[in-house]
Amino acid sequence: MSVIRSLVLFALAALFEIGGAWLVWQGVREQRGLVWAGAGVIALGLYGFVATLQPDAHFGRILAAYGGVFVAGSLLWGVVVDGFRPDRWDVAGALVCLAGVLLIMYAPRG
């Protein structure tokens with residue numbers, strides 16, 4: 001159950017971080033205004049909070065593993081929200097990153 005909880009927290013963290021960054025991007029680069037950017041800042045703060053809920057107590061491990069989730073999640077966000085079409089190298093890179101997540105977070109340790 002701990003692995004499932006951890007994966008759900010990673011997904012939630014990605015939603016807040018990637019979504020927050022996208023909102024800031026929309027507010028500033030796409031000139032949608034400060035409300036969009038402000039909502040993004042709030043979402044980014046929520047990402048930081050969610051990361052602290054991981055069952056593992058090691059900050060470095062959590063953030064290193066989350067990096068792989070961020071890579072894959074960013075590509076997925078682009079597909080769903082912006083109509084981005086990843087090529088085979090994008091997909092391969094994301095799979096390598098997700099394999100890294102599994103190794104860093106869930107490999108058996110003595």
Side-chain angles (χ1 to χ4, degrees):
M1 188 58 112
S2 182
V3 171
I4 292 170
R5 178 175 183 253
S6 175
L7 291 170
V8 168
L9 288 170
F10 275 138
L12 189 58
L15 179 68
F16 283 133
E17 185 182 21
I18 298 164
W22 183 82
L23 285 167
V24 171
W25 179 282
Q26 293 298 308
V28 176
R29 296 251 337 209
E30 303 299 325
Q31 300 176 343
R32 293 195 174 177
L34 291 177
V35 171
W36 284 68
V41 168
I42 291 167
L44 288 165
L46 289 171
Y47 148 73
F49 178 76
V50 169
T52 69
L53 301 176
Q54 282 287 346
D56 192 290
H58 298 93
F59 175 82
R61 181 177 293 147
I62 298 298
L63 269 286
Y66 174 71
V69 174
F70 179 81
V71 169
S74 295
L75 290 172
L76 182 61
W77 184 278
V79 168
V80 172
V81 176
D82 287 329
F84 173 69
R85 295 289 167 235
D87 63 22
R88 64 184 172 166
W89 300 110
D90 295 323
V91 173
L95 291 173
V96 168
C97 290
L98 291 174
V101 172
L102 297 176
L103 286 171
I104 291 168
M105 284 299 295
Y106 311 116
R109 290 187 163 79

J.: Please name the pair of heavy atoms, one in V24 and one in L44, separated by the smallest distance, quoted to 0.1 Å.
T.: CG2-CD1, 4.3 Å
J.: Quick check: closest heavy atoms across V71 and C97, and the distance to 0.1 Å?
T.: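 Looking at all heavy atoms of both residues, the closest pair is CG1-SG, 3.7 Å.
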J.: Measure the spacing between CG of D90 and CG of L95 and express it to the nearest 0.5 Å.
T.: 11.0 Å
J.: On a heavy-atom basis, which atom in I104 and which in A65 lie closest, and how many Å separate them?
T.: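 Taking every non-hydrogen atom into account, CG2-CB, 3.8 Å.
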J.: Can you hop from L63 to I18 via hydrophobic side chains spaced under 4.5 Å?
T.: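 Same hydrophobic cluster.
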J.: Checking V79 against L75 for the side-chain contact (heavy atoms from CB on, under 4.5 Å) test, could you report, in this order, the C-alpha distance in whole Å, the side-chain angles of both residues, the deciding distance, and whether it holds?
T.: CA-CA 6 Å; V79 168; L75 290 172; 5.7 Å; no
J.: I would like to know whether M105 and I62 meet side-chain contact (heavy atoms from CB on, under 4.5 Å); could you show each step before the answer?
T.: CA-CA 7 Å; M105 284 299 295; I62 298 298; 3.7 Å; yes
J.: Any chance you could measure Q54, atom CD, to R5, atom CZ, to the nearest 0.5 Å?
T.: 7.5 Å
J.: If we only count heavy atoms from C-beta on, is the F70 to F10 side-chain gap below 4.5 Å?
T.: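 Heavy-atom side-chain distance check fails, nothing below 4.5 Å.
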J.: Are I42 and L23 joined in one hydrophobic group, where the rule is that I, L, V, M, F, W and Y side chains link up if heavy atoms are under 4.5 Å apart?
T.: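 The answer is yes; both residues are in one hydrophobic cluster.
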J.: Quick check: closest heavy atoms across S2 and P55, and the distance to 0.1 Å?
T.: OG-CG, 3.6 Å
J.: So, does D82 use its side chain to make a donor-acceptor pair with the main chain of F84 at under 3.5 Å?
T.: no
J.: Could you pull out the closest heavy-atom pair between S6 and Y106, with the gap in Å?
T.: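 So the two residues come closest at OG-OH, 2.6 Å.
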J.: Please check if the number of heavy atoms outside W25 that lie under 6.0 Å from its CH2 is greater than 12.
T.: no
J.: In terms of hydrophobic clustering (I, L, V, M, F, W, Y; side-chain heavy atoms under 4.5 Å; direct or indirect links), are W89 and L76 co-clustered?
T.: no
J.: When the ring planes of Y47 and Y66 are compared, do they come out parallel, tilted or perpendicular, using 30° and 60° as the limits?
T.: tilted
J.: Under 4.5 Å between side-chain heavy atoms, hopping through other hydrophobics if needed: is there a path connecting L53 to L12?
T.: yes
J.: Is L9 reachable from L103 through a run of hydrophobic residues whose side-chain heavy atoms are each under 4.5 Å from the next?
T.: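 No; tracing contacts between hydrophobic side chains, which count when under 4.5 Å, never links both residues.
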